[in-house]
Amino acid sequence: MKNNNKNTGNTVYLDHAATTFTDPVVLETMLPYFTENFGNPSSPYNIAHISREALDKARQQVADAINADTEEIYFTSGGTESDNWAIKGVAFANRKRGNHIITSAIEHHAVLHTCQWLEKQGFEVTYLPVDKYGQVRTEDVKRAIRGDTILISVMLANNEIGTIQPIPEIGRIARKKGIYFHTDAVQGIGQIPVDVEALNVDLLSLSSHKFYGPKGVGALYIKKGSRIDNHSHGGAQEKKKRAGTENVPGIVGMGAAIEQAISQLEEHAAHMKKLRTRLLEGLLQIPATHLAGHPEKRLPNNVNVIFEYIEGESILLMLNSFSIAASTGSACTSASLEPSHVLIACGFPHEIAHGSLRLTLGKENTEDDVDYVLQIIEPIIKRLRAMSPMTPEELRK
Amino acid sequence: MKNNNKNTGNTVYLDHAATTFTDPVVLETMLPYFTENFGNPSSPYNIAHISREALDKARQQVADAINADTEEIYFTSGGTESDNWAIKGVAFANRKRGNHIITSAIEHHAVLHTCQWLEKQGFEVTYLPVDKYGQVRTEDVKRAIRGDTILISVMLANNEIGTIQPIPEIGRIARKKGIYFHTDAVQGIGQIPVDVEALNVDLLSLSSHKFYGPKGVGALYIKKGSRIDNHSHGGAQEKKKRAGTENVPGIVGMGAAIEQAISQLEEHAAHMKKLRTRLLEGLLQIPATHLAGHPEKRLPNNVNVIFEYIEGESILLMLNSFSIAASTGSACTSASLEPSHVLIACGFPHEIAHGSLRLTLGKENTEDDVDYVLQIIEPIIKRLRAMSPMTPEELRK
Amino acid sequence: MMYSEKVMEHFMNPHNVGEMEDADGVGEVGNPQCGDIMRIYLKIEDNVIADAKFMTFGCGAAIASSSMATELIKGKTLEQAWKVTNKAVAEALEGLPPVKMHCSVLAEEGIHKAINDYREKQGLKPLEEKPDAE
Ligand SMILES: Cc1ncc(COP(=O)(O)O)c(C=O)c1O
Ligand SMILES: Cc1ncc(COP(=O)(O)O)c(C=O)c1O
Ligand code: FES
Ligand code: FES
């Protein structure tokens, strides 16, 4: 019954939003850059020239994937660095123009915690609310804009509930007002089309390990002419904006992975949607189960459901004992002992948010995986509800 | 005659200070973490537990290598990030105590450019001069200290001339005054013993690709109790000080590489010194050739010579045509068209600094490599001098 | 997983789960910070805990702690049971991760509340919580 995938072994891995394995084809492209083609791209001899060309190629692959120019792509160490750089970099470089920033309540912590830190540095930040599906309302964006607003940052698609945000519309508003617009596309890329022109963005964050590339590498798209502080100081790498010897194998891997992800986009999305529908239909058969996030405007690989009366970590533990890997927004798995800020922003009460289960599909998943999960999960929910003092009588049987 | 190494192919690679290949043994340890053991270390299921344990092990390996505690090791994306974080992080976190920083004129750009940037933010920076061997004088450190000095940053060993700095002594001075002391040990580790206790440092930077580990990963040692700002904001990784999904394969590689480097330290240094002596003796046979850096207090793998009357880039080009990879401090290879700030700080006039050649040995180099280089280089120097209007008559023959 | 084998054993196959119709003492506690709820039922005969049951809404540590705590107090006098600390529960579980210690505190508090519920029904003065119950 269980899938036996060559990467995930006998685990049914349903946490692709947390990270993906590096595709063996991608890893293959990286390997020569660890050993033979190991030269420092800044060096002036043949062996280093190969590294430089590899960087150029990867930059082209990333640029092509999001319809940007190669000079607009800056490699970073991951999505968090890209988000931190975009937001701090634009904030400080444009402080003379104003010190107000707009973001949303459901951003990834890489954006939220950066904004909170900026508040301590004297910036003012508006955190936009979302509707019950986790969508930012464009009218709220319009209303939040002030004369001193210098940056808007709203994610393309949410990592927990998969809700896709109205980025092109927000971008249009931002552009009309001459306000920088950043989007965190870490979860979107490889799942839905990402085109910096169509999205009307000035900055866009990517992270390689979310689309079958290696961990520890990402990119920031910076539209030509944008005013942004350099991220780090040192050598002349990345046009002097982000110093440090380049992670050549990682960047090569990111390039190969994004090219593959884009070339397989439609096929992949269709596969994901099919599995998602099957999975979701099965899960919603379980009583007192709710979908979190938007029913349609969501990432094709994201399922997020809430089982009332029980707690997410215990669901994960039981799933783990059946070799199913998943995620939850329960407070009990977070260091802060607060349930997911995303579910709370969608209006779920604390005790309900506790029962969340996120299943994010990946390309290696099969219908058998879905059926296996459905078969395993129902008795788990029943057992946990049987133990819970909150479960109403009729659900205990 | 030429070495045929399985990593450097038919290149005689003598630029190990720029970067090293990833040791195949190290790469081997990394591979499972790209594919099977790919879980996100923050996730609560078995497949992720393996990643967490791998991080723990690597952190132990790095801690052991420099005689630190595991809680004092923070993984970064490389030496540049470590330097940037150490200096900016301490500067801003301790601004209330003072805004004066001391560093040296021969630091890597990752330190120098960071300090220059801090000057724009209102900090005052003293750049200590060096003697003709490139050494900072401890009396100069003492003299430079003011009531508002909050940080001293002096590198352990210089990347261009290999000169080893009196770090334990500077550390003693800093500690007595209660001033944070950072050292950039990027070039030292794996070549000379590095012990944070013996060095009296509070912060120490490392970069994996300088000791046969992968590129794109480094570490910052932060002594317990140090006051330093967080580097990036987001998830709770690296004890909330440096957010971002960990580069697990890279970190595993860094751990394996540093353990290997330390276990082979003496043997490696002896091998390097033997080759270095042979190489240097041969090079100094060439007339009007000078050693740059300290004759004894230098990294065992570093040779830096200056050939009068000619220019480094042309030497590199010719060496490259004979498959020899090397480096120069000539202005002609630097984007800024300035010769090496290190050679200038040592007192070499501009036109002399132009003729520098850095050869940094590595573990795969052999006596045959050295003999090959010596055989190739003499006629190259002769040819270039024959073309140069500056060459005195007696050297043209 | 971050839990000990013992925790997983008690989580996967918890002892003493269920409601108790004719309980002599019931204690319900919850950690508002975390939104978890634990209900402890006691059957008491001659000042001895003849049976204990629990219902818990919470994480793996909370469920395993409920199971272990009820197991530990069965057969003990009320005075002995009162002295079963959250530390004893955690130790019996071969340790809990530091961030999960508060889940075992819940078990200790639940037992105390159930014992005092019984005492009050008997017209006895409730026992006092030690201020440093942690
Ligand atoms: C939406 C979003 N933004 C940013 C990040 C951070 O990326 P990384 O962990 O690669 O730094 C993640 C993933 O954790 C994410 O899902
Ligand atoms: C002394 C020194 N510090 C810092 C660095 C920067 O390290 P990285 O290029 O890994 O960021 C280097 C190498 O380039 C170096 O030699
Ligand atoms: S002579 Fe051409 S750059 Fe110096
Ligand atoms: S019940 Fe929430 S952490 Fe244990």
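Just so it is clear: chains get the letters A, B, ... in the order the sequence lines come, proteins before strands, and each one is counted from 1.
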Interface moiety of A:Ala386 toward chain C, non-hydrogen atoms closer than 4.5 Å
backbone
Give, as side chain, backbone, both or neither, the part of C:Ile37 having an atom under 4.5 angstrom from any heavy atom of chain A.
both
With side-chain contact (heavy atoms from CB on, under 4.5 Å) as the test, would you mind laying out the steps for C:Asp36 and A:Glu311 before giving the verdict?
CA-CA 8 Å; C:Asp36 40 22; A:Glu311 187 281 322; over 6 Å; no
Of all the heavy-atom pairs spanning C:Gly60 and A:Glu313, show the shortest one and how long it is.
N-OE2, 3.7 Å
Between A:Tyr309 and C:Phe57, what is the shortest heavy-atom contact and its length?
O-CD1, 3.0 Å
Looking at A:Met387 and C:Ile63, what are the two nearest heavy atoms and their distance?
SD-CG2, 3.8 Å
C:Lys100 versus A:Cys332, closest heavy-atom pair with distance
NZ-O, 2.7 Å
For C:Asp22, does the CG atom sit with more than 12 other heavy atoms under 6.0 Å from it, leaving out its own atoms?
yes
State, with a plain yes or no, whether a side-chain heavy atom of C:Met8 is found less than 4.5 Å away from one of A:Leu317.
yes
Are there more than 12 heavy atoms of other residues, nucleotides or ligands under 6.0 Å from atom OH of A:Tyr127?
yes
Does A:Glu394 have more than 12 heavy atoms from other residues, nucleotides or ligands lying within 6.0 Å of its CD?
yes
Is the count of non-hydrogen atoms from other residues, nucleotides or ligands lying under 6.0 Å from A:Lys382 atom NZ greater than 12?
no
If you count heavy atoms of other groups shown closer than 6.0 angstrom to NZ of C:Lys121, is the number above 12?
yes
Atom pair CE (C:Met12) and CZ (A:Arg383), whose distance is rounded to the nearest 0.5 Å:
5.5 Å
